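Data block below; observations after.
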There are 2 protein chains.
Amino acid sequence: MDGALTRAAIARAARRVLEREGLAGLSMRRVAAELDVKAASLYWHVRNKEELLDLLTDELLTGAEPPPREGPWRDQFREYCLIHRRLLLSVRDAAKVVGGRFVLGPNVLRLLEEQLDRLREAGFTPEDAALATYTLSSYVQGMVLQEQAPLAAAETTGTGRGEIAAAAGEQLRGLPAETFPNLVAMADAISGPAMEARFRFGLELVLDGLEERLARTRAAAAD
Amino acid sequence: MDGALTRAAIARAARRVLEREGLAGLSMRRVAAELDVKAASLYWHVRNKEELLDLLTDELLTGAEPPPREGPWRDQFREYCLIHRRLLLSVRDAAKVVGGRFVLGPNVLRLLEEQLDRLREAGFTPEDAALATYTLSSYVQGMVLQEQAPLAAAETTGTGRGEIAAAAGEQLRGLPAETFPNLVAMADAISGPAMEARFRFGLELVLDGLEERLARTRAAAAD
DNA sequence: ACCTGAACACCGTTCAAGT
DNA sequence: ACCTGAACACCGTTCAAGT
């Protein structure tokens with residue numbers, strides 16, 4: 001089934017290389033080698049590396065299954081975002097690949113369509129529904145980008161992943177207290193919270209905001 | 001003043017190269033050339049390119065001035081985020097450089113200290129203040145990353161920047177209406193809103209959520 | 001229509017050698 | 001202490017040539 005050299009096969013091969021070698025190791029030559037082919041061959045199917053990364057971006061969303069369509073919309077969208085986060089986290093450097101890329105691939109379209117449908121059903125206006133999806137996906141992407149950053153840093157410096165947070169705490173505590181009183185005093189509060197807790201905090205803020213917005217929409221419609 | 005080859009001078013040179021050539025054109029050799037020096041020389045001051053990018057990340061925040069410390073905290077933080085956004089937008093590929101990088105440079109520390117101070121004064125707990133800054137900066141970064149993406153795409157494809165949004169709208173409208181009813185029907189609502197409007201929408205959601213959170217904190221404290 | 005060999009102009013990084 | 005020349009092992013991309 002992998003015999004044919006197609007765009008889909010190239011995307012899957014790129015994914016395997018990314019998982020194994022990271023973004024820095026993702027070269028046209030290695031993706032080609034993964035497919036037992038020479039680098040130049042890829043250029044028949046793909047304009048350049050940018051386009052290959054676009055294919056890879058949609059490929060990375062392949063496993064994404066929407067949460068069950070039951071219960072309050074708020075719970076559904078919390079799940080949506082947690083799933084999105086876990087998916088990105090599950091592949092090395094995934095957020096860096098996806099971030100800053102404008103792709104309307106089949107998986108993106110499928111997920112977007114489903115989200116918009118649920119938001120409309122919940123009572124959001126078309127404009128608010130569209131804007132809500134932008135907000136949520138940007139937040140998830142920005143947050144996972146931050147979350148995967150220390151891991152990348154740990155790789156280059158050779159330090160362990162968990163130690164990075166502790167090291168950050170140390171660094172903050174060691175700052176001059178005259179110029180950075182808050183950073184010193186709040187060192188634990190800053191470096192302490194686990195990544196998932198940080199993620200959930202902001203997520204609930206956005207969901208709170210959306211709920212208020214929906215309430216106002218309904219009140220206006222009732223007039 | 002630029003005679004000495006220091007880490008600060010290297011960071012400034014990297015910024016100039018980034019603005020002129022973009023992230024793809026930012027090579028050790030070009031940064032070195034910008035300083036009338038050979039690439040190998042940089043390695044005396046900097047471990048590797050990753051570390052140079054870390055320096056550049058903090059350098060990119062150099063011009064960031066906090067908004068005046070007056071009026072409601074909510075207005076102050078709206079301004080903070082708008083400033084942060086404009087700053088990133090003002091340098092080509094800035095979001096891609098900053099994103100996914102864990103840097104506690106002088107500028108980051110200075111801005112973070114100031115933000116935490118204002119949040120504490122507004123009545124947030126240390127934990128909530130720390131979490132709020134994570135949420136806001138992740139959101140800004142994720143959003144600007146999206147915003148700079150079409151520009152990057154326009155460069156490689158040769159299309160104009162404004163046309164990209166229109167093209168996205170066209171693409172959505174042209175989708176099969178049976179499988180993507182919402183994407184087709186809402187094509188305008190999705191591709192229409194200007195970038196700053198999209199940014200402000202999500203920003204107000206987060207600020208709404210923070211306001212609620214603060215109200216609850218105060219209610220609990222009053223008991 | 002699809003793949004390859006060979007080449008071009010670049011990379012990041014190292015290290016012995018210079019001053 | 002700081003910079004360079006020269007080299008190494010890679011890159012992305014092109015294109016004439018093969019089948």
Side-chain angles (χ1 to χ4, degrees), chain A residues 1-18 20-57 59 92-93 96-97 100-101 152-158, chain B residues 1-18 20-57 59 92-93 96-97 100-101 152-158:
Chain A
M1 58 159 282
D2 248 27
L5 188 56
T6 62
R7 285 162 69 92
I10 291 173
R12 286 194 301 271
R15 182 213 202 95
R16 292 196 297 272
V17 175
L18 180 70
R20 202 182 330 117
E21 327 258 10
L23 182 55
L26 183 72
S27 69
M28 297 297 279
R29 287 166 142 96
R30 282 217 253 246
V31 172
E34 180 78 16
L35 293 160
D36 281 315
V37 116
K38 302 297 173 185
S41 311
L42 298 179
Y43 288 84
W44 182 262
H45 305 272
V46 138
R47 195 197 318 271
N48 50 28
K49 190 179 180 180
E50 273 303 295
E51 193 174 301
L52 183 147
L53 290 174
D54 284 348
L55 290 181
L56 174 56
T57 293
E59 160 71 22
R92 218 221 289 204
D93 292 338
K96 266 200 170 148
V97 173
R101 208 160 283 283
E155 265 169 44
T156 48
T157 54
Chain B
M1 59 160 280
D2 250 25
L5 188 56
T6 63
R7 285 163 66 93
I10 291 173
R12 286 194 301 271
R15 181 213 203 96
R16 292 195 297 271
V17 175
L18 180 70
R20 202 183 329 118
E21 326 255 11
L23 183 54
L26 183 73
S27 69
M28 298 297 279
R29 288 166 141 98
R30 282 217 251 245
V31 173
E34 180 78 17
L35 293 160
D36 281 315
V37 116
K38 302 297 174 183
S41 310
L42 298 178
Y43 288 85
W44 182 262
H45 306 272
V46 136
R47 196 197 317 269
N48 50 28
K49 190 178 181 182
E50 272 303 294
E51 194 175 301
L52 182 147
L53 290 173
D54 284 348
L55 290 181
L56 174 56
T57 293
E59 160 70 22
R92 218 224 285 207
D93 293 338
K96 265 201 170 147
V97 173
R101 209 160 284 283
E155 265 170 44
T156 49
T157 56

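Remember, predicted model here, so these are calculated numbers, not experimental data. Numbered from 1 within each chain, the chains take letters A, B, ... in sequence-line order.
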Hey, is the side chain of B:His45 poking within less than 4.0 Å of OP1 or OP2 on D:dA1, counting only N and O atoms?
no
Give a yes/no answer on whether the side chain of A:Trp44 brings an N or O atom under 4.0 Å of OP1 or OP2 in C:dC3.
no
Begin from the C-alpha positions of B:His45 and B:Thr6 and carry the test side chain to side chain contact (heavy atoms under 4.5 Å, CB included) through to its verdict.
CA-CA 7 Å; B:His45 306 272; B:Thr6 63; 5.8 Å; no
Rounded distance in Å - [atom1] ([X]) to [atom2] ([N]):
X       : N      : atom1 : atom2 : value
B:Glu51 : C:dT13 : CD    : P     : 11 Å
A:Arg47 : D:dT14 : CZ    : C1'   : 15 Å
A:Glu50 : D:dG12 : CD    : C1'   : 12 Å
A:Met28 : C:dC10 : CE    : C1'   : 16 Å
B:Asn48 : C:dT13 : CG    : P     : 5 Å
A:Tyr43 : D:dA17 : OH    : C1'   : 19 Å
A:Lys49 : C:dC10 : NZ    : C1'   : 14 Å
A:Leu5  : C:dA1  : CG    : C1'   : 12 Å

Tell me if a side-chain donor or acceptor on B:Asn48 pairs with a main-chain N or O of B:Glu51 at a distance below 3.5 Å.
yes
Contacts of type side-chain contact (heavy atoms from CB on, under 4.5 Å), residue [X], not counting sequence neighbours:
X       : result
A:Ala33 : none
B:Ser41 : B:Leu5, B:Val37, B:Lys38
B:Ala40 : none

Compile the donor-acceptor pairs under 3.5 Å between side chains in residues 24-31 of chain B and protein atoms, sequence neighbours left out, one pair per line.
residue: B:Ser27; atom: OG; partner: B:Arg30; partner atom: N; Å: 3.1
residue: B:Arg30; atom: NE; partner: B:Gly25; partner atom: O; Å: 2.9

Residues forming a side-chain hydrogen bond (donor to acceptor under 3.5 Å, both in side chains) with B:Glu34, sequence neighbours excluded
B:Arg16, B:Arg20
Lys/Arg N to Asp/Glu carboxylate O, B:Glu50 vs B:Arg101, below 4.0 Å
yes
Close N or O pairs between protein and nucleotides 4-8 of chain C (under 3.5 Å):
residue: C:dT4; atom: OP2; partner: A:Lys38; partner atom: N; Å: 3.0
residue: C:dT4; atom: OP2; partner: A:Ser41; partner atom: OG; Å: 2.5

Look up atom CG in B:Leu53 and atom CG in B:Leu23, then write down how far apart they are to the nearest 0.5 Å.
7.0 Å
State the dot-bracket string of DNA chain C. Criteria: Watson-Crick or G-U wobble, both atom distances under 3.5 angstrom; notation: ( ) intrastrand, [ ] crossing earlier pairs, | interstrand, . unpaired.
||.|||||...|||||.||
